[in-house]
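For reference, the structure I am asking about is given below.
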Amino acid sequence: MLRRSGSAWKTSALKVNIHFLRGEQTLKKQLIIVLSLVMVLMLVAAGCGNSNSGNSGSNSKGKSSNTPDSSSQAKDEHALEPYKLTMVYPGSTPNDLKQVQEELNKYLTEKINATIELKPIDWGAWNDKTNLMFTSNEEFDIIFSANWVGYSDNVIKGQYVQLDELIETHGQGAKEVLGPDWLNGSKVNGHNYGLPTLKEFASTGGLLFRKDLLEKYKIDLNTINKVEDLEPVFQTIKDNELGVTPLLASNLQTLAGKLLNFHYDTLGSDSFGVLDPRSSELKVINMYETERYKEVITLMHRWYEMGFINKDAAGIKEDQMNNLMKAGKGFAYNAQLKPGKDAEMTTSLGVEVVQKEFVQPLTTTNEATGAMLSISRTSDNPERAMMFIDLLYTDQYLLNLLNYGIEGVHYVKQGDNVIDFAPGLTAQTSGYNIGAAWMFGNQMNTYLWTNEDPNKWDQFKAFNDSSIKSPALGFVFDPTNVKNEIAAVTNVKQQYDTALSIGQVDPEKYIPEYVEKLKAAGMDKIIAEKQKQLDAWAANK
Amino acid sequence: MNHRAAAKAALNNHAVTKRKRSVSQLLLHILFGLASILTILPIILVFSISISDETSIYTNGYSFIPSEFSMAAYSYLWQDGGAIIRSYSVTIMVTIIGSVAGLLMMTLFAYPISRRDFPYRNVFSFFVFFTMLFSGGLVPWYLVYSNVIDLKDSVWALVVPNLLMNGFNILIIRTFFQNSIPPSLIESATIDGAGELRIWWKIIMPLSMPVLATIGLFSTLAYWNDWFNSLIFISDARWYSLQYVMQKMLLDVLFLSQQSGNGNSALLLATMPSETVRMAMAIIGAGPIVLAYPFFQRYLVQGLTIGAVKG
């Protein structure tokens, strides 16, 4: 078989041999094909070269237009040179982005003689892409920043422009709108590197309940004051509603987590070494050794044993928990709450839900730095970027254009500040529904959807006022010195945390074991480091 | 008597070998049957989820036979067809341009270093070999393609980085050239008056169909399945490749579900496409590349056996 194919080859080779001697015509044809392919490739290369030179040309133009006396720009707004701003923020690209961008450009040219390019980056690619943009010195001006996407890391690396002076010169509007609490809370080492979105300034944890079941069993949430009161409610649901889990949890989102992480100031993104905001002294403690941790976990274990919590909680992901609610398989599930969260979730779940908080709202650095706009160090014109950010706090038209698109095309006004999708459009079919009002500027200036509480912003203000302000508000933990310990402790946490939080295992046995393992992994060292930095911060304040 | 016994013995013997063969045959059939079931079942499951009703999945879990049949996922994708069709055409275009250009460039590189009379063959082989083992790392790699040659947000960002030429493939082609094409053939062509380019195109290439098909399949698959270049280099949604459109969804869900510090992530998560839609996308994404296999397979088997015997 093999030999045969081998000889077949030889004969075919011979044929080829003869063939090329005879058939000059076909050879030419084939050579032409190859050459044309090569040509195509060369054109490609030329194309790349062209676009390259075009870009660098525009870049250098941008630079040269900005270098001459930037100080005079600041003085006289009418003499501003045209400038193209680039704004990078997470989210998917809506279909009508270009259309909205053009509308923004018209308005911005009039206001600050600038145009803007919106560059949304997909959530999943955000960390990779923005890091590469910084390392390759890509030019862009405004970037979304937040503690949960590496704000303090980037500040330490010097990726953001320090804003203190710019706020004074070009950001007076924003400064006035935000007030000192927000600005001080988002400072790192005494300087501002980002302007926080004016939104809820506190966070709290609690549950979202299905409204139809609450009404069916005549449950009044106002009579429930603490988590323990829910036990008879869950029992009713379990006894009467087949196939409905009273309390849903998922691998990372649990009620225990909500009751603990929003009770303490976690002093950073992990819960290793926390601060009790109700105590007057600045003492970093180990949350897993507190009485409260034991109480909460014991309650969860009790409920798990009683069959209130889904048995597969450790294995399901967060989006699957949402799906279970959508399918009517759950009665309540845990969530981070703010006023109007239930209306938001009702829209996106398609199931009517009502919220109930079980923790007093708490304001920590995490809230102050939860969503900000920073200016990249690669910006050619930070002044103009600041002017734009300032407008997002003071100019209602601009902000709503950015958030909701064009009036009459993407939304229609139903009242003064109330909007609905344009006729024939829904949240899914609208060409511009980015759902990102919490990322930009002054959220209290944005329109409300018809299904939202018209008093939402008043409620926000009341919510903000009712919160406890953590004594460590404004403190940012730098984990560099204890990186190894944090990695080791995180490993231990992954092993124990979910099982304990959903109540799967016996707290009497496992909490001491957990605490011991955490200590062996270096928990005490992290706490000591946090304490040291906190003391230094307090001394400088 | 003797004859009969001998005949019987022979018959028995024959039966035994036949039985032996049929037993081993059966075992082999079972083994490979199981192996193919293991690979086919997940695809069937994905398909049947994609044609199931959304809520029936949450209430009953996944099942091979949809408890409630629904084409909602496909009609959702059809409605939002613009993005899918666009990414489909991007992927098809990139796959075709990339594998044809890549194949030409790789053979053009492999051919000289396969010739023993080429003086610098070791130097050029070393380039290939070295880059196979060591790479500059992500950041320098990105810097070259974004700053030195500005490929970002263009279709070339999907064609050139990582995929166009592959050191390992070049070595396979070179080995094939060295072992399967007798140098005397080249010699005789030279005597007949053929130039180097003509020898390559008229003699070497037609004789190398098996390896070309093999490498062609490798690079077609690599292009079809690539999402990383889109993730790194493309921010303009017009140039997203098909696999990235799907990968993006999973990455988004993964990223958002880890953000316990952000109260808005739950809201964003709830607006992500449902599971049936994700499965429908996987089915659509597998699409035409499944058809590429039988086409290449003929050559692939040939290429592998020849390589094995002569290697």
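Each chain gets a letter, A, B and so on, in the order its sequence line appears, and its residues count up from 1.
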**Message:** Between F201(A) and F463(A), is the ring centroid distance below 6.0 Å?
**Reply:** no
**Asked** Can you say whether F228(B) sits under 4.5 Å from chain A via the side chain, the backbone, both, or neither, judging by heavy atoms?
**Response** neither
**Message:** Looking at K119(A) and E138(A), is there a salt bridge between them, counting it only when a charged N and a carboxylate O are closer than 4.0 Å?
**Reply:** yes
**Asked** Ring centres of F109(B) and W200(B) under 6.0 Å apart?
**Response** no
**Asked** Which region of D122(A), side chain (C-beta onward) or backbone (N, CA, C, O), has a non-hydrogen atom less than 4.5 Å from a non-hydrogen atom of chain B, or is it both or neither?
**Response** both
**Toward chain B, the part of I121(A) with a non-hydrogen atom under 4.5 Å** = neither
**Message:** Classify the ring geometry of W438(A) against W148(A): parallel below 30°, tilted from 30° to 60°, perpendicular beyond 60°.
**Reply:** tilted
**Request:** Would you mind telling me which of D236(B), V159(B), L143(B) has the largest number of heavy-atom pairs within less than 4.5 Å of chain A?
**Result:** L143(B)
**Prompt:** With only heavy atoms counted, which part of T93(A) is less than 4.5 Å from chain B, the side chain, the backbone, both or neither?
**Reply:** side chain
**Asked** Among L97(A), T135(A), N323(A), which residue forms the greatest number of heavy-atom pairs with chain B at distances under 4.5 Å?
**Response** N323(A)
**Prompt:** Do the rings of F134(A) and F140(A) sit parallel, tilted or perpendicular, given the 30° and 60° boundaries?
**Reply:** tilted
**Request:** Among Y244(B), W227(B), W141(B), find the one that has a ring-ring contact (aromatic ring centres under 6.0 Å, His included) with F233(B).
**Result:** W141(B)
**Prompt:** Non-hydrogen atoms of chain A under 4.5 Å away: do they reach the side chain of I234(B), the backbone, both or neither?
**Reply:** backbone
**Request:** Counting only heavy atoms closer than 4.5 Å, note whether S235(B) contacts chain A via side chain, backbone, both or neither.
**Result:** both
